[in-house]
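One structure is given here, and the rest of the page talks about it.
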Amino acid sequence: MSPRTVLRMVAEERAAYESRSRQRRDQIIELHRQGLKGYEIARELSISAGLVSIRLKEARSAGADLTPYAAAGEVNQDALEQQNNR
């Protein structure tokens, strides 16, 4: 059997790979919005900090909302300033 045949037999199906990739991207965005830093997200998901950085950059380019959640009772100063400037 050729090496190419072996790879085809054991390779993950494209749909499964894409699904897992989307799920990981969503996890990265969610953890970022919770206030974790890139290296903390990487450690949490057992991936490289570089991959976290790339996925966040792609999300920003795609227009994803990466605004961190405000902690309970915490006021988002930037949002207040924007409202006051209107």
Side-chain angles (χ1 to χ4, degrees):
M1 206 176 326
S2 75
R4 181 176 173 201
T5 302
V6 171
L7 283 176
R8 282 189 22 222
M9 292 175 71
V10 296
E12 183 175 19
E13 284 190 35
R14 183 75 179 172
Y17 167 79
E18 289 175 349
S19 173
R20 193 170 46 85
S21 178
R22 277 190 300 275
Q23 186 178 34
R24 177 161 292 157
R25 183 193 61 226
D26 293 343
Q27 287 176 317
I28 290 169
I29 292 171
E30 179 64 25
L31 292 172
H32 177 75
R33 293 192 72 204
Q34 290 176 15
L36 272 68
K37 299 196 182 307
Y39 69 90
E40 294 169 325
I41 296 170
R43 195 176 325 141
E44 177 79 21
L45 299 178
S46 300
I47 58 177
S48 73
L51 179 61
V52 172
S53 178
I54 290 168
R55 294 297 175 249
L56 289 174
K57 183 178 179 181
E58 290 172 350
R60 282 185 195 98
S61 295
D65 180 16
L66 298 180
T67 307
Y69 299 130
E74 183 181 304
V75 176
N76 184 338
Q77 292 299 324
D78 292 335
L80 280 177
E81 287 176 22
Q82 287 177 354
Q83 283 181 339
N84 291 336
N85 291 334
R86 289 183 186 173

Query - Close side-chain approach of Leu45 and Leu31, heavy atoms under 4.5 Å - result: yes
Query raised in the report: Would you say the side-chain atoms of Arg33 pair up with the backbone N or O of Thr67, donor to acceptor, closer than 3.5 Å?
Result: yes
Report summary line: In terms of heavy-atom contacts, Tyr69 and Glu30 come closest through OH-OE1, 3.0 Å
Query raised in the report: Does Ser61 reach the main-chain N or O of Lys57 with its side chain, forming a donor-acceptor pair under 3.5 Å?
Result: yes
Query raised in the report: Going by distance alone, is a donor N or O of one side chain under 3.5 Å from an acceptor N or O of the other, for Gln23 and Gln27?
Result: no
Requested in this report: Could you tell me the separation between the CZ atom of Arg24 and the CD1 atom of Ile41, rounded to the nearest 0.5 Å?
Outcome: 12.5 Å
Report summary line: Between the CD atom in Glu13 and the CZ atom in Arg20, the distance rounded to the nearest 0.5 Å is 12.5 Å
Query raised in the report: Between Glu58 and Arg55, does a salt bridge (Lys or Arg N to Asp or Glu O under 4.0 Å) hold up when you go through it step by step?
Result: CA-CA 5 Å; Glu58 290 172 350; Arg55 294 297 175 249; 2.9 Å; yes
Requested in this report: Hey, could you give me the NE2/CD1 distance between His32 and Ile28, rounded to the nearest 0.5 Å?
Outcome: 11.0 Å
Query raised in the report: What are the two closest non-hydrogen atoms of Leu66 and Ala59, and how far apart are they?
Result: CD2-CB, 4.3 Å
Query raised in the report: Under 4.5 Å between side-chain heavy atoms, hopping through other hydrophobics if needed: is there a path connecting Ile29 to Tyr39?
Result: no
